[in-house]
Amino acid sequence: MLGLLHSIEIAVGATIVGLFIGTCGAYGKLYGGPVVRDLLAVYTTVVRAVPELVLILLLYYAGTDLINQVLTAIGYQRVDINGLVAGIAVLGFVQGAYSTEVMRGAILAIPQGQIEAARAYGMSPGLLLRRITLPAMLPFAIPGLANLWLIATKDTALLAVVGFFELTLATRQAAGVTKAYLIFYLAAGVLYLAVTLFSNLLLGRAEKWARRGMPSIKDAR
Amino acid sequence: MVGEAAIINTAARASLWLQPHRIVLILIALGLVLSAAFFMRWDWLPQYWALGLMGIWRSLWILAVTCVLGFLIAVPVGLAQAAGSIWVAAPAKVFCTIIRGTPLLLQLWLLYYGLGSLFPQYPWIRESWMWPYLRQAWPYGVLALTLSFAGYEGEVMRGAFAGVPKGQLEAARAFGMSRWKIFQRVWLPQAFYRALPTLTGETVLQLKSTPLVATISVIDIFAVSSKVRQDTYLTYEPLLLLALIYMAITGILVLAFSRIEARIPVKVG
């Protein structure tokens, strides 16, 4: 159960980090200068082309090592990086690349007139983002982001490979001790499935809420 | 004349792409790469050359086999959801939900450790012809990856089968085609061309899940890099090289699929 808690903690953290990176990334890709745009293109291409497991190993081992080397170079003590923080950072970095693309598509899907109207009213860019862009892109972004959230919950299992204690590793240890492999793995599968189905329910609600006031999909057909 | 236009076109495209800031960025990246290559240790490379090539071959083999088998399972799964009665559609739906709702790593470990620990208890399995295979790790890896691909692609095929215009099927029926002929000649090709772009994405995703089989002791390219890391105590070099190899394979896959996709409009509508 502690394993499940850890898994969900990481998934939530990674999604939040990913959403933040994604929003900034999408803005950079759409409105940034050419240098920012190219750097972001490299980031999303590389992260999306390399397997998550390799990225996790690379960022988990190399990332912590790099931070420590930099710290010792400036003259600080080595720090032991918390596994939870490292996991969230690593998965958030991976999620950020995917959500950048989702957000970019969603922002592009907003009718241009809405943004122009807001500008014509004299809204500042911050206000425009908060009042118009974010709420208007939400219905377009939610299906993609829901997908990302589900991927995040399942990617936490990969952290078992680098030895972080979460649901899959907990299951493996329990199964190894009791020799009842099948039962424990099936139970873990049911737990993951329950998380998925439960979040599907919530995400359906969220989508309905975000789409309020918009023509329903059924009417459009 | 045509050739000239093509040359001008490529030149124009290159000059469009090679903007000044990009040249600076590329130079910076080249400097980083060169300094990295200079400061890193690559003396282990000749020793692991053959093993690495074997690992790449194994990864590609697993990718190809699981994608083809998975697609073969995905077609009936998708068809059942798109056209079957509730008694056929519901199990297919449940299959997709289970595959998509649980992590692949867990499915892999469930099959390998779970089923693998169950099988030896039954003499009739131990004495069957399948036992030599069931004792190895790779059949479980292939099975898990195949089922996973079938689960994700089954959902895609459902949409593809449902997306074929009804008129096409009605026309085929009006021609007096048998149900099997309609499926074989009209419905399946149409759905396949519709599913092809998503199939590219799924294949790349599948490539990215092949390293997971290394966790059940199948020697693919990922396992080779882990071995190098353990033998040489190096962290960055093998992992960076591994990432580069995966990126290269992804690039080749995407290019190949885009070549195939370029021919779709000829075949559909």
Side-chain angles (χ1 to χ4, degrees), chain A residues 7 33-39 42 45-55 57-66 147 150-151 153-161 167-169 171-172 175-176 179-197 199-200, chain B residues 19-22 24-26 28-29 59 94 97-118 201 204-215 221-222 225-226 229 235-251 253-254:
Chain A
S7 287
V35 178
V36 175
R37 228 180 284 174
D38 278 4
L39 288 179
V42 170
T45 322
V46 168
V47 170
R48 279 145 42 105
V50 175
E52 281 89 344
L53 190 56
V54 179
L55 278 177
L57 278 189
L58 201 60
L59 295 173
Y60 201 86
Y61 290 133
T64 49
D65 187 42
L66 263 185
N147 241 344
L150 294 179
I151 291 174
T153 56
K154 293 189 291 169
D155 271 358
T156 55
L158 297 180
L159 287 172
V161 176
L167 183 51
T168 309
L169 191 66
T171 313
R172 189 178 191 180
K179 301 288 173 213
Y181 289 98
L182 201 62
I183 294 170
F184 271 104
Y185 282 124
L186 280 178
V190 169
L191 278 182
Y192 275 113
L193 206 58
V195 171
T196 305
L197 293 177
S199 30
N200 267 345
Chain B
Q19 290 157 3
H21 77 276
R22 279 210 177 119
V24 174
L25 280 183
I26 289 171
I28 293 174
S59 289
V94 168
T97 311
I98 288 178
I99 294 290
R100 288 152 53 99
T102 54
L104 180 54
L105 188 66
L106 193 80
Q107 297 163 13
L108 203 61
W109 287 1
L110 172 67
L111 286 180
Y112 182 59
Y113 295 114
L115 281 186
S117 70
L118 207 62
V204 172
L205 285 183
Q206 183 76 351
L207 168 73
K208 299 202 301 174
S209 31
T210 53
L212 290 181
V213 296
T215 60
I221 182 64
F222 183 79
S225 102
S226 303
R229 281 196 301 129
T235 314
Y236 299 92
E237 289 88 344
L239 281 174
L240 284 179
L241 192 61
L242 185 67
L244 278 182
I245 291 174
Y246 275 113
M247 277 172 65
I249 301 177
T250 309
L253 273 181
V254 170

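For the numbers below, each heavy atom of this structure counts, side chains included, while hydrogens, waters and symmetry mates do not. Naming: A, B, ... by sequence-line order, numbering from 1 per chain.
In this structure, no portion of Asp155(A) lies under 4.5 Å from any heavy atom of chain B. The contact between Leu240(B) and chain A is made by backbone and side chain atoms together, counting heavy-atom distances below 4.5 Å. Using a 4.5 Å cut-off between heavy atoms, Leu110(B) contacts chain A through both its backbone and its side chain. Heavy atoms closer than 4.5 Å to chain A are found in both the backbone and the side chain of Thr102(B). Contact of Thr210(B) with chain A is not made at all, since no heavy-atom distance falls under 4.5 Å. In this structure, chain B has no heavy atom under 4.5 Å from any part of Ile151(A). Contacts of Leu111(B) with chain A are absent, with no heavy-atom separation under 4.5 Å from either backbone or side chain. With a threshold of 4.5 angstrom between heavy atoms, Tyr113(B) approaches chain A through its backbone and through its side chain.
Taking CG from Leu167(A) and CG from Leu106(B), the interatomic distance works out to 7.0 Å, rounded to the nearest 0.5 Å. The CG atom of Leu239(B) sits 14.5 Å away from atom OH of Tyr60(A), with the distance rounded to the nearest 0.5 Å. A distance of 10.5 Å separates CD in Glu52(A) from CG in Leu104(B), rounded to the nearest 0.5 Å.
Lys154(A) places a side-chain N or O within donor-acceptor distance of the main-chain N or O of Arg100(B), the cut-off being under 3.5 Å.
Counting heavy-atom pairs closer than 4.5 Å to chain B, the top-ranked of the candidates Leu39(A), Leu150(A), Leu66(A), Val195(A) is Leu66(A). Ranked by heavy-atom pairs under 4.5 Å with chain A, the first of Ser209(B), Ser226(B), Pro211(B), Gly116(B) is Pro211(B). Between chain B and the residues Gly33(A), Ala160(A), Ala49(A), Ala188(A), the most heavy-atom pairs under 4.5 angstrom are made by Ala49(A). Among the candidates Pro34(A), Pro51(A), Ser199(A), the residue making the largest number of heavy-atom pairs closer than 4.5 Å to chain B is Pro51(A). Between chain B and the residues Thr168(A), Thr196(A), Leu53(A), the most heavy-atom pairs under 4.5 angstrom are made by Leu53(A).
Side-chain contact check for Met247(B) versus Val46(A): some heavy-atom pair is nearer than 4.5 Å. With a 4.5 Å cut-off on side-chain heavy atoms, Thr97(B) and Leu197(A) count as touching. Residues Trp109(B) and Thr171(A) have side chains not in contact (no heavy-atom distance under 4.5 Å, counting atoms from C-beta outward).
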Q: Report the C-alpha separation of Leu212(B) and Leu158(A) in whole Å, then their side-chain angles, then the decisive distance to 0.1 Å, and conclude whether the side-chain contact (heavy atoms from CB on, under 4.5 Å) test is met.
A: CA-CA 9 Å; Leu212(B) 290 181; Leu158(A) 297 180; 3.3 Å; yes
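No more than 12 heavy atoms of other residues, nucleotides or ligands lie within 6.0 Å of CD1 in Ile183(A), so this atom counts as exposed by the packing criterion.
Taking every heavy atom of both residues into account, Arg48(A) and Lys208(B) meet most closely at O-NZ, 3.0 Å. Residue His21(B) comes nearest to Asp38(A) through the heavy atom pair NE2-OD2, 3.0 Å, listed as atom of the first residue, atom of the second, then distance.
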